[in-house]
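It should be emphasised that the depicted structure is a prediction, and the values quoted were computed from it without experimental measurement. Just follow the structure's listing: the first ligand is 1, and inside any ligand the first atom is 1.
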Amino acid sequence: MCGIVGYSGPNNSVGPIIEGLSRLEYRGYDSAGICLKINNELQILKKEGKLDNLKSLIQEKKPFSHTGIGHTRWATHGAVTADNAHPHGNDLFAVVHNGIIENAGVLKKELQAEGFEFKSQTDSEVFLVLLTKFYLETKNVLLSISKSFSTITGNSAFVIIEKNTDKLYCLKRSAPLVVGDNQQTREAFVSSDPFALVGFAPRIYFPEDSIICESSVSENGVKINFYELDLTPSDRYKIQSNAMSVDTTNKGIYEHFMLKEIHEQPSLIEKIAAYYIKNEGRKILDQIKNFKTSCWHLTACGTAWHAGLVIKNYFEQINRQRASVEIASEFRYKNPIINENEIGLFISQSGETADTLACQELCREKGISSFAIVNVEGSTLFRNADKNFLIHAGVEIGVASTKAFTLQVLTGYLMSRAMSGTLDDPNLFVELKLLSNRVSELCADSEKIKKIAEKIYTQKGFIFTGRGKYFPIALEGALKLKEIAYVHAEGYAAGELKHGPIALIDEEIVNIAVVGPELFEKTISNVEEVKARRGKVVVIGPEKSEELEHLSDFYLGLNFHGLNDLSPLYVNVALQFLSYHIAYLKGTDIDKPRNLAKSVTVE
Ligand code: F6R
């Protein structure tokens, strides 16, 4: 969702701010702005739409400033307009904000009654006005920040600059925010994501909630002070070196990040296998060797929820342990039945998804341990977990999650194998290598999937079906298609079709049927039901089957042999390619689909 970048130092702040915002573009936004402190004045430039619009304005004005803040906004309160874009500022302060101020409506009315004026419809401006009010009363910046922050409710991150100094102030509550420094170049940074600071800030600070961070730059270097809200010094922050590489911002030979990330999967599968079976990750999995709990509570959103559905099957079938998988936004409000000694397992690529974080907090309140399957080390989910199982997918830039799904599932699978004490089974490594090879083959020959896409991309709707371990893959296939191709798609358990959705079937509907080797005949009967109603059928099933060839309009034969529990991942990569090619033919914005954000930090 929204992106934040702030800079203070000897150089022109415009460069690192715009570069940082460009790197965060993939997260989704609808307007962008920058505030620069120039000659003790705060100058704001904002534009609706893509960052390029702001870049053109900057090109025209050529501003130079040692201190500034920038923001890409994903609208929550107020329409997508330049006025509602951030930063919000006046002649004292400028503010950028991620998150939601829940009591903004009430506060705004009170402030208006006191005579304060508002220029936008946003909740964010309420923070600026509070800050101004408290500063006029106290003439103390830190105190005004603390008072304003204590007045608002909801999860938010703020960065603030003021006209009198070159300091950067920031603080947050359950929202991502990091501070960075480079002592050699005497530069201070703030961002909602360390990725924006790669190559700029070798050292990153992760403040905990409700800590005010004050960064100042002088000839002696960068000084970062941390304060509690009562303004006493705080040590509630962690420091980490920023080990990410700038290469990850590059599409390389691929036309889209999504395509690049699909192609990264074979090597990532081998890496995660080596990491958790043979290398450093092994000691993490050994901690759960023969581990048992009466119930796992898996919660996640979107694609990560689908990964949870696959992992549930592993825990139940391999470990015979009960596992419930719930959509995080449902779990958090349902007063779930949680007993002691059960485990909360939270799955998230970003580690910043608001609903998933709320479930983690709920489980913490109920006194059960929190495990996380997460990609971003240092994210809020990671920091609040008792045990972390990193998926090591690298930065995922395509908004549609591909490689993260594969690695979330594999990490869950390896956890399951650790719990059953079978990590040293030589067949395990062979099976994982086989998966990597089969995915490589699909990558090398995705033309055949493209040919199917060419035949069906103009159809009105798509129903993905699968049984057993392929049911979550049907859900994931449908989600991927709808999010990047903007076409109606649903995922169903194949046996469920006749209980309602079959009414939709006609010649304009395509059934993408995953027919695995298990329950083969039964799944085929479901496909027959669609054929009988003139639906078009794409069958993805075991290769060289005359029956499937005959049954389907289009047949993608795959080699399931030897993949066993990992075959859903293999099929899923085929579906990733299918969605990609359909979206490509439809000409959509594949890496940044409309209305979507990479990291959903509001509920
Ligand atoms: C779909 C997609 C989303 C995310 C969901 C959870 O392609 O990317 O459905 O999976 O928003 O995000 P994380 O995994 O960051 O918690």
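Residue V399 places at least one N or O, backbone or side chain, under 3.5 Å from an N or O of ligand 1. In terms of N/O distances under 3.5 Å, ligand 1 is approached by T353.
Under a cutoff of 6.0 Å and an axis angle of 45°, R594 and Y486 form a cation-pi pair.
Among all non-hydrogen protein atoms, the one lying nearest atom 11 (O) of ligand 1 is V600 CG2, 4.0 Å. Counting only heavy atoms of the protein, atom 15 (O) of ligand 1 lies nearest to S350 OG, 2.6 Å. Among protein heavy atoms, the minimum distance from atom 7 (O) of ligand 1 is reached at E483 OE2, 2.4 Å. What sits closest to atom 6 (C) of ligand 1 on the protein, heavy atoms only, is C301 O, 3.3 Å. Closest to atom 3 (C) of ligand 1, if we only count protein heavy atoms, is T303 N, 4.0 Å.
Numbered from 1 in the order shown, with element, the atoms of ligand 1 that lie under 4.0 Å from a heavy atom of Q349 read 13 (P), 14 (O), 15 (O), 16 (O). Near A400, the atoms of ligand 1 lying under 4.0 angstrom from a non-hydrogen atom of the residue are 7 (O). Per-residue contacts place A304 under 4.0 angstrom from the following atoms of ligand 1 (heavy atoms of the residue considered): 10 (O), 14 (O). Residue contact check: K480 has heavy atoms under 4.0 Å from atoms 1 (C), 7 (O) of ligand 1. Numbered from 1 in the order shown, with element, the atoms of ligand 1 that lie under 4.0 Å from a heavy atom of G302 read 9 (O). Which parts of ligand 1 touch S401 is read off a 4.0 Å heavy-atom cut-off, strictly below it: atoms 7 (O), 8 (O).
Residue pairs meeting the salt bridge (charged side-chain N to carboxylate O under 4.0 Å, His left out) criterion with at least one member in residues 570-591, sequence neighbours excluded, do not occur. A salt bridge (charged side-chain N to carboxylate O under 4.0 Å, His left out) check over residues 360-382, counting only residues at least two apart or in different chains, returns the pairs E361-R364.
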**Report entry** side chain to side chain donor-acceptor pair (under 3.5 Å) assessment of Y584 paired with E255
**Finding:** CA-CA 10 Å; Y584 191 96; E255 202 171 337; 3.0 Å; yes
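Ring planes of H71 and H86: parallel class, angle under 30° (limits at 30 and 60°).
The existence of a salt bridge linking K480 and E476 is confirmed by a sub-4.0 Å separation between a basic side-chain nitrogen and an acidic carboxylate oxygen. Salt-bridge formation is not detected for the pair E280/K283: no Lys NZ or Arg NE/NH1/NH2 atom is positioned less than 4.0 Å from an Asp or Glu carboxylate oxygen. One finds a salt bridge joining K334 and E326 here, because a Lys/Arg side-chain nitrogen approaches an Asp/Glu carboxylate oxygen to under 4.0 Å.
Using a non-hydrogen distance threshold of 4.0 Å, E352 does not register as a contact of ligand 1.
Of all non-hydrogen atoms in G49 and Y29, the two that sit nearest each other are O-CE1, 3.6 Å.
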